[in-house]
A.B. asks: 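Quick one: the structure is below, and I'll ask about it shortly.
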Amino acid sequence: MTLADFPVGSIKGVGHAFADQLQKLEIATAADLINYFPYRYENYAVRDLSTIADGEHATIVGKIQSEPLFSYYAKKRSRISVRVLSGRYLITAVLFNRPYLKRTLKLGDTVTLTGKWEQGRAVLTVTEFHNGLPTDKGEWLPVYPVKEGISVKKLRTIVRQALTQFAGQLAENLPDSLRERYRLLGREEAVREIHFPSSTQRLKQARRRLVYEEFLIYELKMQAHRLKRQKAKNGVAFAVDNVRLQAFIEALPFHLTDAQQTVLHEILEDMKQPSAMNRLLQGDVGSGKTIVAAIALFAAVTAGYQGALMAPTEILAEQHADSLEQLFSAFSIRTALLTGNVRGKKRKLLLEQLKEGAIDILIGTHALIQDEVHYRRLGLVVTDEQHRFGVVQRRLLREKGQEPDVLYMTATPIPRTLALTVFGDMDVSTISELPGGRKPIKTYWVRHDLMDRVITFIRRAVAAGRQAYVVCPLIEESEQLDVQNALDMHSQLTQALTGIQVGLMHGRLNPEEKADVMNRFKMNQVQVLVATTVVEVGVNVPNATLMIVNDADRFGLSQLHQLRGRVGRGSNQSYCVLVAEAKSETSKEKMKWMTETTDGFKLSELDLKLRGPGDFFGSKQSGLPDFKLADLVHDFQTLAAARQDAAKMVRSQSFWQEDAYHLLRAPLRAAGILDKKRLD
Ligand code: ADP
Ligand code: MG
């Protein structure tokens with residue numbers, strides 16, 4: 001029997017009704033309750049009002065000096081206010097939505113009140129109330145996230161009760177060897193301390209233990225997945241034609257950097273293995289990921305397979321199609337582009353050719369893996385930028401009888417922490433240097449009142465034969481945000497830059513219009529391109545040397561870095577001008593960092609610290625796991641250690657056989673990852 005076998009109702013003091021309410025917090029068993037951790041702690045040491053600062057949360061003791069004044073201020077919302085004398089201070093205590101207290105509060109009673117102190121009005125907004133002198137001996141008490149009908153106080157009581165009732169029964173899930181290596185508290189002790197810390201130091205130790213445990217269990221799942229994939233041997237083992245591949249690499253207009261060669265080697269080694277590759281390729285903007293992907297695709301074709309390159313937008317797909325065609329045509333490799341725009345007869349023909357194997361490399365948007373698309377022999381899928389080529393897509397292809405290798409490219413350098421978690425079951429290749437001979441982009445930060453100078457700057461760049469991007473954050477006027485939109489900017493610049501062609505690109509244009517503007521920009525028929533962030537991802541126009549970002553403080557650091565990466569792609573000196581008021585300290589700091597460093601990995605780490613992991617990818621569907629205690633930013637070292645430990649463990653006999661690991665295997669079984677036959 002484990003604690004998970006005891007319903008929460010078996011805890012003394014938890015009746016049916018309360019057990020039902022606890023379902024709202026997803027607490028059904030004693031184990032759920034004990035693993036329901038506080039998100040902060042409250043100090044109930046009683047204080048003198050004179051030591052409490054305005055806005056501070058604190059506990060005081062006082063005597064009631066007036067009859068409580070009760071009122072409803074909205075439907076079902078009530079308020080009690082009462083005068084309290086605490087020390088030399090006569091204050092007003094306010095209690096919201098606790099109508100039942102109106103009979104409890106009696107003139108002359110001594111009360112203990114915890115709440116937020118508002119010095120100016122001498123009001124304490126009470127969050128916790130206790131009739132009489134304080135009873136809590138411990139200084140730090142847990143505060144749990146709760147829902148209506150469940151009070152923090154009640155939770156405290158039953159958690160305490162559960163810890164007593166089940167003392168000695170909390171199973172240790174980490175083997176001694178690990179606990180000794182990291183000097184980790186035992187599970188029961190850690191759990192007790194995380195709820196009712198006996199000191200801040202003990203709390204720290206408890207947290208360290210539980211964070212490690214949380215990461216380890218997560219990583220065990222990831223590493224077991226990875227091992228399973230590697231052992232499955234149902235992927236493609238490419239028999240690459242090295243002579244042809246070498247000839248292709250030598251025909252490139254440049255030498256691969258050492259970093260490119262290293263990652264290429266990693267990728268090719270993976271491709272030659274019979275297991276399905278699942279690899280992330282990351283590198284700073286302009287580090288030359290695309291050419292590495294192209295070489296991998298070339299290698300796949302020399303082995304008699306087809307390849308697919310998936311891009312997030314049609315513009316990018318078209319650009320990739322153009323550049324791959326240029327690279328491959330001399331080597332008689334047939335490429336084709338498939339997007340939503342390819343329709344009717346043309347589409348039908350293309351799909352037939354693909355099925356017959358008359359197309360070697362198909363480039364496009366996510367349309368590439370739709371139902372109607374059948375490959376003759378798909379061997380490698382490269383997905384560019386924000387695409388997460390997930391389990392679902394793999395299954396789709398497997399159902400068609402394909403288990404291709406997958407190479408996943410990211411546009412933005414991802415902090416190591418996030419790469420390890422979001423891409424936890426992947427292998428990671430990192431291009432750690434930029435091709436030589438590039439002039440670092442010069443970055444300036446100016447305020448809006450210098451826009452005239454910025455315009456002069458653009459004019460000069462164009463006079464020298466160069467081109468410029470002007471990026472605006474939003475497409476439509478939003479009064480609230482007071483963002484100058486792309487349309488306004490376009491007309492302003494069209495007026496100011498006589499004799500210069502100013503183009504406009506935004507998300508509302510249809511695909512043909514977008515392609516048209518982009519083409520004219522590429523051919524230098526348009527010299528200045530005003531755009532919303534659609535240019536962010538991967539556009540390559542080497543003659544553009546000037547990037548103006550309007551309202552730059554509205555962007556995240558990684559995004560700004562990505563935008564800056566659109567220039568600096570040729571041999572000419574490039575510039576990035578950030579136009580922003582940057583009123584807040586954070587904004588100022590952002591602008592400063594941008595002007596000081598061009599290291600994308602450094603900026604992405606800073607960005608992560610500023611915005612937190614949830615916002616880093618800009619959406620909730622980022623695939624980031626929800627850790628209970630662990631914090632991806634601060635606990636990174638622990639994550640890295642847990643990952644290493646997990647990788648070793650899943651490859652060891654003892655992990656799958658010994659009793660000491662029994663409880664660590666359980667979550668793998670529960671998640672359905674454990675395919676015992678294969679992994680043992
Ligand atoms: P990324 O996709 O990583 O942002 P790209 O692959 O688009 O970068 O490469 C940026 C530019 O650098 C391209 O114009 C590409 O042709 C060029 N490039 C790539 N590798 C090298 C290299 N080893 N030496 C010189 N130029 C390179
Ligand atoms: Mg790219």
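What you see is a predicted model; the values in this text were computed from it and never measured. Order of listing sets the numbers, starting from 1, for every ligand and every atom in it.
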A.B. asks: Against ligand 1, does Ser287 come closer than 4.0 Å with any heavy atom?
C.D. replies: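 Judged by the 4.0 Å heavy-atom criterion, Ser287 does count as contacting ligand 1.
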A.B. asks: Among Gly565, Ala294, Gly286, which one has a heavy atom closest to atom 1 (P) of ligand 1?
C.D. replies: Gly286
A.B. asks: Under a 4.0 Å heavy-atom limit, does His255 contact ligand 1 with its side chain, its backbone, both, or neither?
C.D. replies: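 The part of His255 near ligand 1 is the backbone, not the side chain.
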A.B. asks: For Asp284, counting its heavy atoms only, list the atoms of ligand 1 lying under 4.0 Å from any of them.
C.D. replies: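 Per the distance check, 3 (O).
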A.B. asks: Which of the numbered atoms in ligand 1 are under 4.0 angstrom from any heavy atom belonging to Thr257?
C.D. replies: 23 (N)
A.B. asks: Record the part of Leu256 in heavy-atom contact with ligand 1 below 4.0 Å; permitted values are side chain, backbone, both and neither.
C.D. replies: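 Within the 4.0 Å criterion, Leu256 contacts ligand 1 through backbone atoms alone.
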A.B. asks: Here's a test for you: under side-chain contact (heavy atoms from CB on, under 4.5 Å), which of Val382, Thr430, Ile431, Leu264 qualifies with Leu281?
C.D. replies: Ile431
A.B. asks: Please list, in number order, the atoms of ligand 1 under 4.0 Å from a heavy atom of Ile291.
C.D. replies: 6 (O), 20 (N)
A.B. asks: Please work out whether any backbone atom (N, CA, C, O) or any side-chain heavy atom from C-beta onward of Val292 is under 4.0 Å from ligand 1, and answer side chain, backbone, both or neither.
C.D. replies: neither
A.B. asks: Centre-to-centre under 6.0 Å for Tyr375 and Tyr305, is that the case here?
C.D. replies: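 No, they do not, as the ring centres are separated by 6.0 Å or more.
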A.B. asks: Counting C-beta onward and ignoring hydrogens, is there a side-chain heavy-atom pair between Leu327 and Leu324 closer than 4.5 Å?
C.D. replies: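 Answer yes - side chains close enough.
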A.B. asks: Report yes if Pro435 has an N/O atom closer than 3.5 Å to an N/O atom of ligand 1; otherwise report no.
C.D. replies: no
A.B. asks: Just by distance, with hydrogens left out, do Glu314 and Thr365 show a side-chain donor and acceptor under 3.5 Å apart?
C.D. replies: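 No, because no side-chain N or O of Glu314 sits under 3.5 Å from a partner of the opposite role on Thr365.
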A.B. asks: Of all the atoms in ligand 1, which lie at a distance below 4.0 Å from a heavy atom belonging to Arg569?
C.D. replies: 4 (O), 7 (O), 10 (C)
A.B. asks: Do the side chain of Asp607 and the main chain of Leu603 share a donor and acceptor less than 3.5 angstrom apart?
C.D. replies: no
A.B. asks: Minimum heavy-atom separation for Leu493 to Ile455, with atom names?
C.D. replies: CD2-CG1, 3.9 Å
A.B. asks: Taking the inter-plane angle between the rings of Phe248 and Phe331 on a 0 to 90° scale, is it parallel (under 30°), tilted (30 to 60°) or perpendicular (over 60°)?
C.D. replies: perpendicular
